[in-house]
Amino acid sequence: MEADIKKGHFIHSIIREDVKNNKNDGKVVTRFPPEPNGFLHIGHAKSICLNFKMAQKFNGTCNLRFDDSNPAKEKQIYIDSIKSTVNWLGFEFNSPLFASDYFDKLYHFAIALINKGKAYVCSLTADEIREYRGTLTQTGNDSPFRKRSVEENLDLFTRMKNGEFDEGEHTLRAKIDMESPNINLRDPIIYRVKKASHPRTGDQWCIYPMYDFTHCISDALEGITHSLCSLEFEDHRPLYDWILDELETPCHPQQIEFARMNINFTVLSKRKLQRLVEDNHVEGWDDPRLPTLEGMKRRGYTPESIRNFCEIIGVSKKGSRIDMGLLESCLRDDLNEKSPRVMGVLKPLKVTIENYPDDTSEELIGKNHPQKEEMGTRTISFSKQIYVEQDDFMEDAPKKFFRLSIGREVRLRYAYLITCKDVIKDESGKVIELICTYDPKTKGGNAPDGRKVKGTIHWVDANDCIDAKVNLYDRLFKDENPEQDKQDLIENLNPDSLEELKSCKLEKHLVNAVPEYVYQFERLGYFCLDSRQASKDHFVFNRTVTLRDAWAKFLKKR
RNA sequence: UGGGGCGUCGUCAAGUGGUAAGACACAGGGUUUUGAUCCCUGCAUUCAGAGGUUCGAGUCCUCUCGCCCCAGCCA
């Protein structure tokens, strides 16, 4: 703990200083404020982890608050999904809060602003407002409605609320400074007419507050001490502060901005993800290839691995592009610890063991984890016919190929040493079966004469296994940066991001598999039962991630 | 070209004037009934660049360069 004192990212340091100086009575209250207009992705996980962990570290609380001030885009299904995803990630929150619960208060704050002469009803059209706002290099001009009296503003605003006007006819604007170099301060709109039904307030309102007005006040009402958001809101901070300075709110939270996460070979924006889903380039929001948290969950990602990843990447203000390999490394790290080992053959090649007795089988013992005795053992059936991986046989094998080839001996994991004697080919010359012999004295895998066998391969009993389909996933995009050189996202999709193997043979043990419970198929990778495609009599597994593969790397170099 | 930010190893990222942590990746080597795991070893004389202050600068000052964000009645 002591060694921890100076560690941590800049936000951690700021909060630590604040607590030390007894700012906010030493309390820390944060919030994760998603808009319920889509599903959460790994980028949100960074914010979730940051907010919840900062609260945890300083014995504070973190609210889950839905920023639901735009009924045109928000839906109940997103609210439900977000809640369960935050829980899945491992964070507890008091009952979720909603900006819409503050609509009444927000309305009165708006009236207070009008009464102070700091807000006015503007009757310019959307186009006119844009023109009056000026550009990046030209200052804006005052709206002709800027000088309306408080009484008139009050009357108009009330009538906006009562539904007397159509959308776009009037807006409520903060009266700040049309000449500000910061465009956000050029009399920003804080209320607009929107005749849409809200998922939570129904048709109770026809005016809705804008983000800038809603967010800071919501934060203040909840007693948030540190309002953490992404970099693009840096320009909004003066507005955040202006509103809270003008109004009498319970407190004035501090907004602190940090950089969003980017990961190579994927995209992390709601709009782009939505396009992939809506144009059917993927199966849906929970497609295992997507960086959505629902997709990652279905793929087999563990909450621990995601949390750890968010911890490792840190928090800064630098725009970054994190290597997908780091995410995968965090995943393997966690899975290596807790996944039971099992055997499965993805591309089966039949092997007949000539000298093994017909019509018998035996039970062999396999460890569920090579380093963890406490994870126990299981029995694995063995008989005259087995399947091995096609890749584990090669006719003209290089010297370093420690697997099957005619005349070579390998170890069948937990079983026997076998030697390949012959191959059977079909008309096209393709190897369809191997004829091998086994050494009965090597049960378990060791030779009594002490001879060394370098290669160990996995296998399944052809007479006692389950058939399954396995989905092999690869990166969704071909390019590290899917939109490099303004390429279209879609053209950059990796056509091989999904490979479906339909005749896989898996160890019988897997009949007990349930979704999200990840197994390591030895020598291949980590896999879990698919929650959508699998059924009682149809096994479908998803490859969560491959194992690190030094052999593949070696081949690639040659 | 107005305003706001950011530039430390291939990728993240510590560093808060005292002589460049760590992780991933990469390269070697060892152990191994998973070519997995694990374990060693190596990997920035240099912090976007140029000046300056200082006994001493990634950290302070000046200038230059590069990148990101902002002109929704979205959040």
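Chain A is the first sequence line, chain B the second, and so forth, proteins listed ahead of strands; every chain is numbered from 1.
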Query raised in the report: Under the rule syn = chi within 90° of 0, otherwise anti, which is B:rG10?
Result: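 Anti.
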Report summary line: Going 5' to 3' through nucleotides 4-13 of chain B and flagging B where a protein heavy-atom sits under 4.0 Å of the base, S where only the sugar-phosphate is that close, and - otherwise, we get SSSSS--SSS
Query raised in the report: Does A:Arg192 place a side-chain N or O at less than 4.0 Å from the phosphate oxygens OP1/OP2 of B:rA75?
Result: yes
Under 4.0 Å, counting only non-hydrogen atoms across every strand here, what does [X] touch: a base, just sugar-phosphate, or nothing?
X: A:His236; value: base
X: A:Ile129; value: base
X: A:Thr135; value: base
X: A:Arg133; value: sugar-phosphate
X: A:Tyr526; value: nothing
X: A:Thr139; value: nothing

Query raised in the report: Of the options A:Phe157, A:Tyr208, A:Tyr102, A:Phe213, which is the one that meets A:Tyr107 in a ring pair (Phe, Tyr, Trp, His ring centres under 6.0 Å)?
Result: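 Single pass found, and it is A:Phe157.
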Query raised in the report: Can you check the A:Tyr191 OH to B:rC74 P distance for me, whole Å?
Result: 14 Å
Report task. Rounded to whole angstrom, note down the C1' distance from B:rG49 over to B:rC65. Result -> 7 Å
Query raised in the report: Roughly how far apart, to the nearest Å, are B:rC9 and B:rA27 at atom C1'?
Result: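 My reading of the C1' atoms in B:rC9 and B:rA27 gives 15 Å.
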Query raised in the report: Of A:Val351, A:Asp461, A:Val460, which meets side-chain contact (heavy atoms from CB on, under 4.5 Å) against A:Tyr387?
Result: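 When A:Val351, A:Asp461, A:Val460 are each tested with A:Tyr387, the side-chain contact (heavy atoms from CB on, under 4.5 Å) holds only for A:Val460.
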Query raised in the report: Cationic tip of A:Lys454 within the cone over A:Phe402's six-membered ring, i.e. under 6.0 Å and within 45° of the normal?
Result: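 The answer is yes, since A:Lys454 meets both limits relative to A:Phe402.
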Query raised in the report: Under 3.5 Å, is there a donor-acceptor pair between the A:Thr158 and A:Asn162 side chains?
Result: no
Query - Polar side chain donor-acceptor pair, A:Asp219 to A:Tyr240, under 3.5 angstrom - result: yes
Query raised in the report: When rounded to the nearest 0.5 angstrom, what is the spacing between NZ in A:Lys83 and CG in A:Leu64?
Result: 8.5 Å
Query raised in the report: At what distance, to the nearest 0.5 angstrom, does CG of A:Leu156 lie from CD of A:Glu164?
Result: 9.0 Å
Query raised in the report: Of all the nucleotides listed (B:rG35, B:rU16, B:rG72), which has the minimum atom distance to the side chain of A:Ala550?
Result: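 Closest nucleotide among those given: B:rG35.
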